[in-house]
Protein chains: 2
Amino acid sequence: MEKIKCDCTVIHEEIVNKVKEFMPAEDTLTGLAELFKVFGDTTRIKILWALSESEMCVCDLAFLLNMTQSAISHQLRLLKQSRLVKNRKEGKVVFYSLADEHVKLIFKQALTHVLE
Amino acid sequence: MEKIKCDCTVIHEEIVNKVKEFMPAEDTLTGLAELFKVFGDTTRIKILWALSESEMCVCDLAFLLNMTQSAISHQLRLLKQSRLVKNRKEGKVVFYSLADEHVKLIFKQALTHVLE
DNA sequence: TGAATAGTTGAATACCTATTCATATATTAA
DNA sequence: TTAATATATGAATAGGTATTCAACTATTCA
């Protein structure tokens, strides 16, 4: 354990206080992190990307990603809880699709960083 | 374990193949997930947000986020490895700042989803 | 030189989470 | 009703990771 306030922070106090003042609410930042956490998994990224091309059922995704249907289903539940995908039922088949256009826009922005 | 190719995927074969064809390279998708993983932590989000306001030294960040300087240092190393922050040394003090403008743009995009 | 400050780092711990496995539900068709 | 298919889900496991703790380095200054 150590003390929090260094000498240099005292010197920088004005800047630090100004930054603190403009920081978004704790909830907002936590929410941001939670959203990015959902994007931060290869399986979910692939699912989201696939759904950005076309709506698909669970076993389509399982086949496409070469994974068990169970694993896909678990991830889809997570994605739905985060309001990133929605679904509709047609007989025994459940089709999933993107909830809105945000996903594509976030992808686009992030790709510019990755592809450099 | 279970078989991968369901009957309904046979029916949807055309769509599934088309989606597969347009999927980005494995490396690209993994890279995307890795980037989002870095954003997917409250501490790192706060650090990045703070640095989007002003460059700061390690102990400034520790004071601002009320965390040990060691914890902050560990996270800064991660952020630097991901090319999201850069640093400069001035005597004993190391100042960190955002590596480029991508961070702000990605934040902005994601916020529109969180704040709805 | 020695003391103090700023920062880094490796190991340990405690928590989280992605996948698997087994099972359950829902729908359709025979 | 029974059998088959599509999906969902709870528990267990294995792998990952954020923070802490205890050193350690680098720099300044007295």
Side-chain angles (χ1 to χ4, degrees), chain A residues 1-12 16 29-30 33-34 36-48 55-82 85-96, chain B residues 1-12 16 30 33-34 36-48 55-82 85-97:
Chain A
M1 214 47 97
E2 52 213 287
K3 73 178 198 297
I4 292 280
K5 197 162 192 169
C6 307
D7 292 350
C8 67
T9 298
V10 175
I11 298 171
H12 306 146
V16 174
L29 294 174
T30 304
E34 292 304 318
F36 284 126
K37 210 172 286 178
V38 176
F39 280 90
D41 176 85
T42 310
T43 300
R44 289 191 293 267
I45 284 283
K46 287 177 181 172
I47 291 175
L48 290 171
E55 83 167 0
M56 295 178 104
C57 70
V58 180
C59 64
D60 287 345
L61 288 165
F63 172 70
L64 183 67
L65 307 190
N66 193 34
M67 293 178 66
T68 66
Q69 163 262 96
S70 176
I72 299 291
S73 184
H74 277 297
Q75 296 300 349
L76 284 170
R77 185 162 51 82
L78 241 166
L79 290 169
K80 203 184 172 193
Q81 282 169 357
S82 308
V85 306
K86 59 182 192 290
N87 56 10
R88 70 184 176 83
K89 201 166 182 181
E90 194 173 288
K92 337 175 235 192
V93 182
V94 179
F95 288 97
Y96 282 83
Chain B
M1 213 47 94
E2 55 211 287
K3 73 178 198 294
I4 292 281
K5 198 159 189 171
C6 305
D7 292 351
C8 67
T9 297
V10 176
I11 298 171
H12 306 146
V16 173
T30 305
E34 292 304 318
F36 285 125
K37 210 173 284 177
V38 176
F39 281 90
D41 175 85
T42 310
T43 299
R44 288 192 292 268
I45 284 283
K46 286 177 182 171
I47 291 174
L48 290 171
E55 84 168 359
M56 295 179 105
C57 70
V58 181
C59 63
D60 286 347
L61 288 164
F63 173 70
L64 182 67
L65 307 190
N66 194 33
M67 293 179 65
T68 65
Q69 165 259 91
S70 176
I72 299 291
S73 184
H74 276 297
Q75 297 300 348
L76 283 170
R77 186 163 50 82
L78 240 167
L79 290 170
K80 205 185 170 192
Q81 282 168 358
S82 308
V85 306
K86 59 182 192 291
N87 57 9
R88 70 185 176 84
K89 200 165 182 181
E90 195 173 287
K92 333 177 240 194
V93 182
V94 180
F95 288 96
Y96 282 84
S97 57

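Per chain, numbering begins at 1; letters A, B, ... match sequence-line order. The figures here come from the full heavy-atom set of this structure, side chains too, leaving out hydrogens, waters and symmetry mates.
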Of the nucleotides C/dG7, D/dA6, D/dA18, which has the atom closest to the B/Cys8 side chain?
D/dA6

Please report the shortest heavy-atom distance between B/Leu61 and B/Ile47, naming the atom on each side.
CD1-CG2, 4.2 Å

If I take atom CE from residue B/Met67 and atom NE2 from residue B/His74, how far apart are they, to the nearest 0.5 angstrom?
10.5 Å

Rounding to a whole Å, what distance do you find between B/Gln81:CD and D/dA18:C1'?
14 Å

Minimum heavy-atom distance A/Ile72-A/Ala62, with the two atoms named
CG1-CA, 3.8 Å

Think A/Tyr96 has a side-chain N or O under 4.0 angstrom from the OP1 or OP2 of D/dA8?
yes

How close do B/Thr9 and A/Asp60 get, counting heavy atoms only, and between which atoms?
OG1-OD1, 2.9 Å

Enumerate the protein-to-nucleotides 9-16 of chain D contacts in which both atoms are nitrogen or oxygen and the separation is below 3.5 Å.
| unit_1 | atom_1 | unit_2 | atom_2 | d |
| --- | --- | --- | --- | --- |
| D/dT9 | O4 | A/Ser70 | OG | 2.6 |
| D/dG10 | O6 | A/His74 | NE2 | 2.8 |

Round to a whole Å and report the spacing from CD1 of A/Ile11 to C1' of C/dT5.
11 Å

For A/Phe95 and C/dT27, what is the distance between atoms CZ and P respectively, to the nearest whole Å?
15 Å

A/Phe36 vs B/Phe36 aromatic rings, parallel, tilted or perpendicular, using cut-offs 30° and 60°?
parallel

Are B/Leu78 and B/Asp41 side-chain neighbours, meaning at least one heavy-atom pair lies under 4.5 Å?
no

By the Watson-Crick or G-U definition, both distances under 3.5 Å, D/dG10 is matched with C/dC21

In whole angstrom, what separates B/Asp60's CG from C/dA6's C1'?
11 Å

Contact under 4.0 Å: A/Gln75 side-chain N or O vs C/dT17 OP1/OP2:
no

Distance from B/Lys46 atom NZ to B/Leu48 atom CG, nearest 0.5 Å?
12.5 Å

Which parts of nucleotides 25-30 of chain D does protein reach within less than 4.0 Å, heavy atoms only, written one letter per nucleotide 5' to 3' as B for base, S for sugar-phosphate only and - for none?
-SBS--

Here the distance between atom P of C/dT5 and atom CZ of B/Phe63, to the nearest Å, is 17 Å

B/Leu79 CG to D/dA18 C1': how many Å, rounded?
13 Å

Over how many whole Å does the gap from A/Leu65 atom CG to C/dT20 atom P extend?
12 Å

Give the rounded distance in Å between these two atoms: CE of A/Met67 and C1' of D/dA8.
16 Å

What are the two closest heavy atoms between B/Lys37 and B/Arg44, and how far apart are they?
O-NH2, 3.3 Å

By nearest-nucleotide position on DNA chain C, the 5'-leaning member of B/Leu76 and A/Thr43 is B/Leu76

Within the structure shown, what part of the strands sits under 4.0 Å from A/Leu78 by heavy-atom distance: base, sugar-phosphate, or nothing?
sugar-phosphate

Heavy-atom pair of closest approach, residues B/Leu76 and B/Val85
O-CG2, 4.1 Å

